[in-house]
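So that the names make sense, note that chain A is the first sequence line, chain B the second, and so on, each numbered from 1.
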Number of protein chains: 2
Amino acid sequence: MLNNSHYIDKLRSSGLRPTKQRIKICEILFDNEKTFHFTINDLVKKISKTTNDKISLATVYNTVHAFKKKGYLKEIPINSDQSYFDTNTSHHHHFYDENQKDLIDIDDADVEPVKINTRIPGKKIKSVEVLVKVEDAE
Amino acid sequence: MLNNSHYIDKLRSSGLRPTKQRIKICEILFDNEKTFHFTINDLVKKISKTTNDKISLATVYNTVHAFKKKGYLKEIPINSDQSYFDTNTSHHHHFYDENQKDLIDIDDADVEPVKINTRIPGKKIKSVEVLVKVEDAE
DNA sequence: ATTCTACATTATAATAGTTCTAAACTATTG
DNA sequence: CAATAGTTTAGAACTATTATAATGTAGAAT
Ligand SMILES: [Mn+2]
Ligand SMILES: [Mn+2]
Ligand SMILES: [Zn+2]
Ligand SMILES: [Zn+2]
């Protein structure tokens, strides 16, 4: 509610009108020390915890998709019933904890460059992402 | 219909009764030179093309899940509305063609061992999978 | 071979995440 | 301020998947 001008500028310069719903979602997603992963359902819960003004589910979906399109969020391909989103938009990798069903970032610097000795003719590489599935060591 | 004994044995030794539905699905999935990727919907279409006996959708789901549980299929984590399955159960990686929305195998031998210089205490690595997103080079 | 039983199939309903609709609302422009 | 294009909203619709519960069947027991 206080230092919103940053988000207002960011939204406006992206061609998105700075509505109070979008600003609120910006605050929840981007006013954090650390980046994090979330589902739409997680976000809906956070919204209802931090404000009395309800934001409709359709708006939450619309906003997340708009932010993804603008490159402020990434969608993470984890085999699951729900989509996972990531506020870390830098190129990085993931651990997936199969017990906790939790995503954990792996910094790009912590993965040695992945060498792939095969190509597809007529196609260029857009990204190379590593998913490390982990489980309890017991 | 001809050389089913192989599948009958395979199913029986897995503790799965060799029903005609399961044998049919084995034929469609495993009587191929090459492995392939498919959705439930793809499989349903193949079934209706190759037989007059209908197999209910619930049975297709049940069978695919049973086969996955037994390790005869892998589920591939691609961000999509539907689950993708893979008849290639060896450890391997994938290209994902974002234009064709198509998965292409990368043999494990074609990827240099991926070195990850970070760990999660109390967790052990279950798998390391590389997803290479590609697009038209133009 | 007949009977028995646990397992499997089926049609259908239910569920859940997501998208669509169309009416009401609002930020921005003129 | 008035006009307009973009946005929000409640709720319906959609779609992949799972659950239900009745019927069918493979394999075992008799
Ligand atoms: Mn699923
Ligand atoms: Mn999706
Ligand atoms: Zn991440
Ligand atoms: Zn594959």
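Scanning for salt bridge (charged side-chain N to carboxylate O under 4.0 Å, His left out) contacts around A:Asp97 gives B:Lys123, with sequence neighbours left out. Residues that satisfy the side chain to side chain contact (heavy atoms under 4.5 Å, CB included) test with B:Val114, not counting sequence neighbours, are A:Val111, A:Val114, A:Val130, B:Val111, B:Ile116, B:Val128, B:Val130. For A:Lys45, the side chain to side chain contact (heavy atoms under 4.5 Å, CB included) criterion is met by A:Asn41, not counting sequence neighbours. Judged as a side chain to side chain contact (heavy atoms under 4.5 Å, CB included), and not counting sequence neighbours, the contacts of B:Thr63 are B:Arg22, B:Ile25, B:Thr59, B:Phe67. Applying the side chain to side chain contact (heavy atoms under 4.5 Å, CB included) rule to A:Asn88 yields the partners A:Thr35, A:Asp86, A:Ser90, A:His92, A:Asp105; only residues at least two apart in sequence or on another chain are considered.
Take the nearest nucleotide of DNA chain D for B:Ile40 and for A:Leu16: the residue whose nucleotide is more 5' is A:Leu16.
Residue A:Gln21 places at least one side-chain N or O under 4.0 Å from the OP1 or OP2 atom of D:dT9. One finds no side-chain N or O of B:Arg12 lying less than 4.0 angstrom from the OP1 or OP2 phosphate oxygen of D:dA26. Proximity of B:Thr59 to the phosphate of C:dT10: a side-chain N or O atom is located under 4.0 Å from OP1 or OP2. Side-chain N/O atoms of A:Thr19 include one lying less than 4.0 angstrom from OP1 or OP2 on D:dT8.
Listed candidates were C:dT12, D:dT17, C:dT9. Nearest to the side chain of B:Gln82 is D:dT17. Residue A:Tyr61 places its side chain closer to C:dT18 than to any other of C:dT18, C:dT26, D:dT17. Side chain of B:Arg22, nearest nucleotide from C:dT9, C:dT28, D:dT9: C:dT9. Distance from the side chain of A:Leu57 is smallest to C:dT18 among C:dA6, C:dA27, C:dT18. Proximity note for A:Ala58 (side chain, C-beta onward) versus D:dT17, C:dC20, D:dG27: the nearest is C:dC20. Side-chain atoms of A:Arg17 lie closest to D:dA5 of the nucleotides D:dA5, C:dT9, D:dA10.
Using a 4.0 Å heavy-atom cutoff across all strands shown, A:Ile55 reaches sugar-phosphate atoms only and no base atom.
B:Asp53 has its CG atom 19 Å from the P atom of C:dA8, to the nearest Å. Computed from coordinates, the A:Phe38 CZ to C:dG17 C1' distance equals 15 Å when rounded to whole Å. Nucleotide C:dT18 holds its C1' atom 16 Å from the OH atom of A:Tyr84, rounded to whole Å.
Although no hydrogens or angles enter the test, the distance criterion places a donor-acceptor pair under 3.5 Å between the side chain of B:Asn99 and the main chain of B:Asp136.
Overall, the helix from C:dA1-D:dT30 to C:dG30-D:dC1 carries an axis bend of 20° between its ends, with five pairs at each end and the value rounded to 10°.
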